[in-house]
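Below, all heavy atoms of this structure are taken into account, side chains as well, without hydrogens, waters or symmetry copies.
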Amino acid sequence: SAEPPPVEPVKVSSPGVPPADVVVSVPSDSPVASEAWRGFVDATLQENPFVGSLLEHARVIAFAADAVKVGFVRSETFFWESASQKSNADAIIARVHQHFGRAVPVDMVGLEDDAGAELASLAELKLQLEAARVANIERDAATHPAVQMAVSVLGGDVQHVVALGGETDS
């Protein structure tokens, strides 16, 4: 009996690039969606990874040259307590002053659990984008004509999809 030809992987998405149909549930005018906030957090991650990580989990309420206000959900105790420690709060304030080139009022507040639902953090946005990216890859793979042909010939269904070139598989 003849051996079936080897199956080549089918690339269905570019790694690191969210598919066009990904919808993030944050208004485009929200401070967390701003390039300024993202740039500030990215620069802070480079300079001070711990403080940058705190800011990734902060809910930005206002980020402007006249005032900065961020909140931390109190039930996320690690981030809330870490941001509340004087040395970390001072490091956040210093980064804000460095970013704007002058002293800017910085207010860090504790938020209740339900406030966190209205204000997303960058960390949550990254998780949402990654989940949507993986779901799109799985959908695209399962509906790809080559996969559909293999399923119709061999029977069964798609059990596992590996995102080629990416860090995540599902």
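Counting all heavy atoms, side chain and backbone alike, Val73 lies closest to Trp80 at O-CB, 3.8 Å. Across all their heavy atoms, Val60 and Val70 have their closest contact at CA-CG1, 4.0 Å. Across all their heavy atoms, Ala91 and Asn48 have their closest contact at CB-ND2, 4.5 Å. Listed here is the closest heavy atom pair of Ala83 and Ala89: O-CB, 3.5 Å.
Aromatic rings of Phe63 and Phe100 (six-membered ring for Trp) have centroids within the 6.0 Å cut-off, being under it.
Looking at residues two or more places apart in sequence or on another chain, you find a side chain to side chain donor-acceptor pair (under 3.5 Å) between Asp157 and Gln159. For Asn88, the side chain to side chain donor-acceptor pair (under 3.5 Å) test picks out Gln85, with sequence neighbours left out. Under the side-chain contact (heavy atoms from CB on, under 4.5 Å) criterion, Thr143 pairs with no residue, sequence neighbours left out. Contacts of Arg74 classified as side chain to side chain donor-acceptor pair (under 3.5 Å), with partners at least two apart in sequence or in another chain: Glu112. For Asp42, the side-chain contact (heavy atoms from CB on, under 4.5 Å) criterion is met by Leu45, not counting sequence neighbours. Under the side-chain contact (heavy atoms from CB on, under 4.5 Å) criterion, Ala67 pairs with no residue, sequence neighbours left out.
By the 4.5 Å heavy-atom criterion applied to side chains, Val109 and Phe72 are not counted as neighbours.
Residue pairs meeting the salt bridge (Lys or Arg N to Asp or Glu O under 4.0 Å) criterion with at least one member in residues 93-106, sequence neighbours excluded: Glu47-Arg95. Among residues at least two apart or in separate chains, salt bridge (Lys or Arg N to Asp or Glu O under 4.0 Å) pairs with a member in residues 80-93 are Lys86-Asp90.
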I'd like a table of donor-acceptor pairs (distance under 3.5 Å, sequence neighbours excluded) in which one partner is a side-chain atom from residues 49-57, with atom names and distances.
unit_1	atom_1	unit_2	atom_2	d
Glu56	OE2	Lys126	NZ	2.4
His57	ND1	Ser53	O	2.9

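Atom OG1 of Thr44 sits about 9.0 Å away from atom CD1 of Ile92, to the nearest 0.5 Å.
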